[in-house]
Amino acid sequence: MGVEVLHNTVLDTIGSRITGGDLPAGHVLTLERIGEEFHVSRTVARETMRILESMGLVTSRRRVGITVQPSESWNVFDPRVIWWRLSGPGRDAQLRSLTELRIAVEPLAAGSAARNASAAQRERVVELATAMRGEGEAGALGEFLDLDIAFHTVLLEASGNEMFGALADVVAVVLQGRTQLGLMPRTPVPEALDLHEEVAHAVAGGRSESAENAMRQLLAEVRDAVVPLWPHRS
């Protein structure tokens, strides 16, 4: 096993334990114990802790050690943190948070893209929507996922809002999670394919209000598909 693979294995295992609650806030980790459990060098253990600290999952202090932080301290927009949470016992709550974020942001981004996209971006989003229909109707979920990620990435980046654009990786992880965790139908519903094309043509035609409304309808379909999984809030 290579050093990079070994490092990623340790990082993913400890990260998942923290986000899944197996290592609660206040739990103290040591480089020695990590090295013993995973059979890795002190260098690999230290680098793993450095990355987890950059994500806000742990903090390191002299005479105290490496302490697991409460969820309020986590960088919840980090794609790896999102994936760990989607893969763990808090999956449904994380899915709810991310879907609500998309509903808040992506319709506005689509409307802005209709105003601000370059000619190449307008052409690209139509190409992607057309290709999505072909792969979706064929039931090729892997290919459909790649196109779907590219579609939403183009729109976020074409919005002209750098903060929307910075959410592209977050949306990509959500889309990957829905597919890889078995939360997508075997073939995308026809309404979703229609709405992707409607968004694309509205953006290409510079119709801001139509693009925003179509994206809002598309995300309402996404919300309705996952709502049965959402935990009820008191």
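In this structure, Ala114 and Ala202 approach most closely via the heavy-atom pair CB-O, 4.1 Å. The shortest non-hydrogen separation linking Ser112 to Ser159 is CB-O, 3.4 Å. The heavy-atom pair separating Val203 from Ala211 by the smallest distance is CG2-CB, 3.9 Å. Summarising the geometry of Ala204 relative to Val126, their closest heavy-atom pair is CB-CG2, 3.6 Å, with the distance given to 0.1 Å. In this structure, Trp83 and Gly177 approach most closely via the heavy-atom pair CZ3-CA, 3.5 Å.
The closest side-chain heavy-atom distance from Thr99 to Arg96 is not below 4.5 Å. Counting heavy atoms from C-beta outward, Glu106 and Leu218 have side chains that stay 4.5 Å or more apart. Put simply, the side chain of His27 does not reach to within 4.5 Å of the side chain of Thr67, judged on heavy atoms. Annotation: side chain of Met49 is in contact with side chain of Ile14 (closest heavy-atom distance under 4.5 Å). Under the 4.5 Å side-chain criterion, counting only non-hydrogen atoms from C-beta, Leu156 is in contact with Val105.
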- Task: Show the numbers, then the answer: is there a side-chain contact (heavy atoms from CB on, under 4.5 Å) between Val125 and Val199?
- Result: CA-CA 9 Å; Val125 78; Val199 170; 5.8 Å; no
- Task: Take Arg216 and Ile103 through the test side-chain contact (heavy atoms from CB on, under 4.5 Å) and record every step on the way to the result.
- Result: CA-CA 7 Å; Arg216 188 166 285 111; Ile103 290 169; 5.7 Å; no
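Without hydrogens or angle criteria, Arg102 side chain to Leu219 main chain gives no donor-acceptor distance under 3.5 Å. Judged by distance alone, with hydrogens and angles left aside, the side-chain atoms of Glu53 form a donor-acceptor pair with the main-chain N or O of Ser60 at under 3.5 Å. One N or O on the side chain of Ser54 and one on the backbone of Ile51 form a donor-acceptor pair closer than 3.5 Å.
The only member of Val170, Val173, Leu175 that meets side chain to side chain contact (heavy atoms under 4.5 Å, CB included) when paired with Leu98 is Val170. Each of Arg17, Gln94, Met55 was evaluated against Trp84; a single residue qualifies, Met55, per the side chain to side chain contact (heavy atoms under 4.5 Å, CB included) test. The only option from Glu127, Glu198, Glu197 that meets the salt bridge (charged side-chain N to carboxylate O under 4.0 Å, His left out) definition with Arg133 turns out to be Glu197.
Asn75 CG to Leu52 CG: the interatomic distance, rounded to the nearest 0.5 Å, is 12.0 Å. Remark: Ile82 CD1 to Leu95 CG distance equals 11.5 Å, nearest 0.5 Å. Distance check: Leu31 CG to Arg46 CZ gives 6.0 Å after rounding to the nearest 0.5 Å. Atoms CD1 and OG, from Ile34 and Ser41 in turn, are 11.5 Å apart once rounded to the nearest 0.5 Å. To the nearest 0.5 angstrom, Trp74 atom CH2 is 5.5 Å from Thr19 atom OG1. Atoms CD and CG, from Glu157 and Asn116 in turn, are 13.5 Å apart once rounded to the nearest 0.5 Å.
Both Phe77 and Leu86 are part of a single hydrophobic cluster, where members link through side-chain heavy atoms under 4.5 Å apart.
Salt bridge status for Glu32 with Arg42: present, with a side-chain N to carboxylate O gap under 4.0 Å. Taking a cutoff of 4.0 Å between a charged side-chain nitrogen and a carboxylate oxygen, Glu47 and Arg50 qualify as a salt bridge.
Considering only residues two or more places apart in sequence or on other chains, His152 meets the ring pair (Phe, Tyr, Trp, His ring centres under 6.0 Å) condition with His196. With sequence neighbours left out, the ring pair (Phe, Tyr, Trp, His ring centres under 6.0 Å) criterion links Phe164 to no other residue.
Residue pairs that meet the salt bridge (charged side-chain N to carboxylate O under 4.0 Å, His left out) test with at least one member in residues 67-86, sequence neighbours left out, are Asp12-Arg80.
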